Asks: 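Let me begin by handing over the structure; questions about it come next.
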Amino acid sequence: MSENAAVPVRLRAEVLAAPAYRQGAAPTKPGFKLSSNENPFAPLPGVLDALRRRLDVNRYAGAAMPELRAELAAPFGVGPERVHLGAGSVTILYQLVHAAAGAGDEYLFAWPSFEAYPSLGLASGATPVPVPLAAGARHDLDAMADAITERTRAILLCTPNNPTGPAIARADFDRFMARVPATVLVVLDEAYREFVTDPAAVRGEDVLAAHPNLVVLRTFSKAYGLAGLRIGYGVGEPAILAAAQSIAIPLSVTGIAEAAARASLEPAARGELEARVAVIVERRDALVAGLRELGLAIPEAQGNFVWIPEGEGGVADAQTLAAAFAGAGTLVRPFAGHGVRISVGEAESLPEVLDIVRRFLG
Ligand SMILES: Cc1ncc(COP(=O)(O)O)c(C=O)c1O
């Protein structure tokens, strides 16, 4: 629908004023799609077979999915009552912000970060409060703690940070949490957790027990390569998850997503997952090294993407670089005024990315 189309019924002005989430574009000519942090590999072994066996799509899935929740709870050392499933972790972000923050309330996040964050509270009327990243494109946790007011109801921490790459260090997380009131919800968004190689990075499993106000978010969309099936989960206090469930659209997690997730957790699939994650990490690190050799100040990359900043140490204009990529048939994600995010994709995309950037820098 065009943005200017006449609206025949009375809708909320703040909703009409809001831009919709913009998905990474698909290539229009042969090239690589490196704009959505997707996984270049096919689903893990056993997943397609599991989907073929789950043929009862004329039925609603049993929403409780106790076996899957128990499997996901185990690494956290908790029971299934502490796991909440959603049709993608972004739906749980939405539910949590809505459960915590209404009109007149605020929710905090670093910026730039996951592009969905600013609009999550839109329908609830909550005010998004972006806090600029610090040097090295890292979370400025001191500034975020300083930004907490009596109206703050939720804080979203993205680690590693999409789109810039650094992970939050455990020690910094601990210091930050000591400054957050126990009544404020903190969401640790670990969508890219599996790609983290920094041993000093915070891990949801290690910190959940100490913080009843913390919910850890994970997804099957990235390392597991199930973005199109839409399944993610949150781990935390049952009372907080029950509130998220109250906001959830009923029956939105499908049976085929459940079957794919469970097949992805089988031992053979887990072994292959580790091998694939290692390949993506190797490509990521090679991309970072290659871009640094071209003289760019690339921040630490802990996800399945790398960040070329705009300005000092980076390129003069993010949009122009993204246009140069598009002209060559490869799509990346520009963040106007901030930088360009390039997802780690197929092996053949690496020399292509480096060539495009080399030519761009002249
Ligand atoms: C930081 C972060 N969180 C959450 C999501 C949502 O992932 P999904 O809804 O596919 O689980 C994304 C997707 O790109 C992301 O980058």
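The figures that follow rest on heavy atoms only: side chains count, while hydrogens, waters and symmetry mates do not. First listed ligand is number 1; within each ligand, the first listed atom is number 1. Computed from a predicted model, the values in this text were never measured in an experiment.
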Asks: Short question: side chain of Asn213, backbone of Val184 - any donor-acceptor pair under 3.5 Å?
Replies: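 Answer holds: yes.
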Asks: Determine whether Tyr233 and Val216 satisfy the following criterion, side chain to side chain contact (heavy atoms under 4.5 Å, CB included), listing intermediate values before the conclusion.
Replies: CA-CA 8 Å; Tyr233 58 103; Val216 176; over 6 Å; no
Asks: If we check side-chain contact (heavy atoms from CB on, under 4.5 Å) with Leu296, which of these qualifies: Val288, Val306, Val357?
Replies: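 Among the candidates, only Val357 passes.
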Asks: Measure the acute angle between the ring planes of Phe195 and Tyr192, then classify it against the limits of 30° and 60° as parallel, tilted or perpendicular.
Replies: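 Judged by the thresholds at 30° and 60°, the geometry between Phe195 and Tyr192 is tilted.
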Asks: Quick one: closest heavy-atom pair of Met144 and Ile155, and the distance?
Replies: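 Looking at all heavy atoms of both residues, the shortest contact is CE-CG2, 4.1 Å.
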Asks: Could you tell me which non-hydrogen atom of Tyr117 sits nearest to which non-hydrogen atom of Leu93, and how far apart they are?
Replies: CE2-CD1, 3.8 Å
Asks: Between ligand 1 and the protein, which N/O pairs are shorter than 3.5 Å?
Replies:
unit_1, atom_1, unit_2, atom_2, d
ligand 1, 3 (N), Asp189, OD1, 3.1
ligand 1, 3 (N), Asp189, OD2, 2.7
ligand 1, 7 (O), Ser89, OG, 3.4
ligand 1, 9 (O), Ser89, N, 3.1
ligand 1, 9 (O), Val90, N, 3.0
ligand 1, 9 (O), Arg230, NH2, 2.8
ligand 1, 10 (O), Ser221, OG, 2.6
ligand 1, 10 (O), Arg230, NH1, 2.7
ligand 1, 10 (O), Arg230, NH2, 3.4
ligand 1, 11 (O), Ser89, N, 2.7
ligand 1, 11 (O), Ser89, OG, 2.9
ligand 1, 11 (O), Thr219, OG1, 2.5
ligand 1, 11 (O), Ser221, OG, 3.4
ligand 1, 14 (O), Tyr192, OH, 3.4
ligand 1, 14 (O), Lys222, NZ, 2.9
ligand 1, 16 (O), Asn162, ND2, 2.7
ligand 1, 16 (O), Tyr192, OH, 2.7

